[in-house]
K.L.:
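The following block contains the structure, expressed as structure tokens.
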Amino acid sequence: MSKSDFYHQVYALVRRVPHGMVTTYGHIAAALGLRSSARMVGWALNAIPVDQRLEIPAHRVVNRLGELSGKMHFETPHVMRERLEAEGVAFNGDCVDLKRHLWVPDVTSEES
DNA sequence: ACTTTGACTTGCA
DNA sequence: ATGCAAGCCAAAG
């Protein structure tokens with residue numbers, strides 16, 4: 001495994017997000033053991049390979065407020081929201097209804 | 001090799 | 001409730 005496997009873990013995890021669901025950077029980081037380093041998740045998504053970019057539903061990754069913080073990094077700032085809406089995600093103003101669509105990654109090997 | 005910034009989060013004032 | 005600062009790890013300059 002390469003040292004940058006952290007990126008691969010992020011990609012794999014985001015790819016696991018069910019259709020019509022969203023997750024937060026904090027939860028992803030926590031699932032990877034970097035519970036306090038949500039920035040790395042964002043950085044990893046920024047470094048998503050072009051081939052993976054189409055596979056990884058980065059539009060399902062939002063900040064802890066359910067806000068589409070990364071929308072500006074997309075091809076267009078609106079594509080992110082439109083994609084989520086197309087998947088049946090309920091929006092509350094500019095934020096996703098985390099109460100309904102917040103998905104938490106399955107932590108198989110959880111540690112204290 | 002050191003400094004700055006980054007798709008974030010939490011805490012204190 | 002709103003605003004500012006610190007913490008976090010990694011990559012680019």
Side-chain angles (χ1 to χ4, degrees):
Chain A
M1 288 309 214
S2 21
K3 60 177 181 182
S4 48
D5 191 51
F6 163 70
Y7 281 44
H8 184 75
Q9 290 182 74
V10 177
Y11 305 149
L13 195 55
V14 175
R15 202 186 299 156
R16 270 173 134 180
V17 178
H19 175 105
M21 297 285 274
V22 296
T23 188
T24 73
Y25 300 97
H27 280 134
I28 296 172
L32 298 180
L34 303 172
R35 42 197 200 195
S36 309
S37 303
R39 290 186 166 188
M40 301 293 78
V41 180
W43 202 262
L45 291 175
N46 187 33
I48 289 181
V50 182
D51 35 316
Q52 294 280 301
R53 201 182 223 169
L54 303 175
E55 309 288 310
I56 300 172
H59 57 270
R60 292 185 192 148
V61 185
V62 298
N63 66 1
R64 78 165 190 98
L65 303 176
E67 180 185 14
L68 283 54
S69 43
K71 64 182 181 187
M72 56 163 82
H73 287 273
F74 277 77
E75 311 155 42
T76 67
H78 345 273
V79 68
M80 187 172 184
R81 166 141 180 196
E82 300 207 357
R83 271 186 181 175
L84 290 172
E85 290 183 304
E87 294 187 357
V89 176
F91 268 75
N92 189 344
D94 290 326
C95 301
V96 179
D97 192 342
L98 296 178
K99 295 285 193 176
R100 287 177 58 90
H101 303 286
L102 176 58
W103 177 81
V104 180
D106 279 303
V107 188
T108 43
S109 47
E110 188 178 332
E111 40 187 280
S112 62

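All chains are named by letter (A, B, ...) in the order of the sequence lines, taking the proteins before the strands, and each is independently numbered beginning at 1.
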K.L.:
Distance check needed: B:dA7 C1' versus A:Asp94 CG, whole Å only.
P.N.:
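Taking atom C1' of B:dA7 as the reference, CG of A:Asp94 is at 16 Å.
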
K.L.:
Name the closest nucleotide to the A:Tyr25 side chain, picking from C:dA11, C:dC9, B:dT9.
P.N.:
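Selected nucleotide: B:dT9.
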
K.L.:
Using 0.5 Å steps for rounding, measure from the CZ atom of A:Arg81 to the NE2 atom of A:His59.
P.N.:
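A:Arg81 CZ to A:His59 NE2: 14.0 Å, rounded to 0.5 Å.
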
K.L.:
Enumerate the residues from residues 68-87 of chain A whose closest heavy atom to DNA chain B is under 4.0 Å, giving them by residue number; use none for an empty result.
P.N.:
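Here the set is A:Ser69, A:Gly70, A:His73, A:Phe74.
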
K.L.:
C:dC9 C1' sits how many Å from A:Phe6 CZ, rounded?
P.N.:
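Those two atoms, CZ and C1', are 8 Å apart.
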
K.L.:
To the nearest 0.5 Å, what is the distance between CG on A:Leu45 and CE on A:Met40?
P.N.:
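Interatomic distance, A:Leu45 CG to A:Met40 CE, rounded to 0.5 Å: 11.0 Å.
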
K.L.:
When the distance from CH2 of A:Trp43 to C1' of C:dA11 is rounded to whole Å, what number comes out?
P.N.:
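Answer to the nearest Å: 6 Å.
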
K.L.:
Residues from residues 45-66 of chain A sitting under 4.0 Å of DNA chain C, heavy atoms only?
P.N.:
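Those residues whose heavy atoms fall under 4.0 Å from DNA chain C, taken from residues 45-66 of chain A, amount to none.
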
K.L.:
CD1/A:Ile28 to CD/A:Gln9 distance, rounded to the nearest 0.5 angstrom?
P.N.:
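Result: 11.5 Å between the selected atoms.
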
K.L.:
Rounded to whole angstrom units, what separation is found between the CE atom of A:Met40 and the P atom of B:dG6?
P.N.:
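That distance rounds to 12 Å.
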
K.L.:
Which atom names give the shortest non-hydrogen contact between A:Tyr7 and A:Ala44, and what distance separates them?
P.N.:
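What the structure gives for the nearest pair is CE2-CA, 3.8 Å.
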
K.L.:
How many angstroms lie between CZ in A:Phe74 and CE in A:Met80, if you round to the nearest 0.5 Å?
P.N.:
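Here the rounded value is 4.5 Å.
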
K.L.:
With a 4.5 Å cut-off on side-chain heavy-atom distances among I, L, V, M, F, W and Y, is there a chain of contacts connecting A:Ile48 to A:Leu13?
P.N.:
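Same cluster: A:Ile48 reaches A:Leu13 through Ile, Leu, Val, Met, Phe, Trp or Tyr contacts under 4.5 Å.
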
K.L.:
Show me the donor-acceptor pairs, under 3.5 Å and distance only, between side chains in residues 97-104 of chain A and residues at least two apart or in other chains.
P.N.:
{"residue": "A:Asp97", "atom": "OD1", "partner": "A:Lys99", "partner atom": "N", "Å": "3.2"}
{"residue": "A:His101", "atom": "ND1", "partner": "A:Gly20", "partner atom": "O", "Å": "2.9"}
{"residue": "A:His101", "atom": "NE2", "partner": "A:Ala90", "partner atom": "N", "Å": "2.9"}

K.L.:
Can any side-chain N or O of A:Arg60 pair as donor or acceptor with the backbone N or O of A:Val17 at less than 3.5 Å?
P.N.:
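The answer is yes, because a donor-acceptor pair under 3.5 Å joins these two groups.
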
K.L.:
Picking from B:dT9, C:dC9, B:dG6, which would you name as closest to the side chain of A:Thr24?
P.N.:
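The closest nucleotide is B:dT9.
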
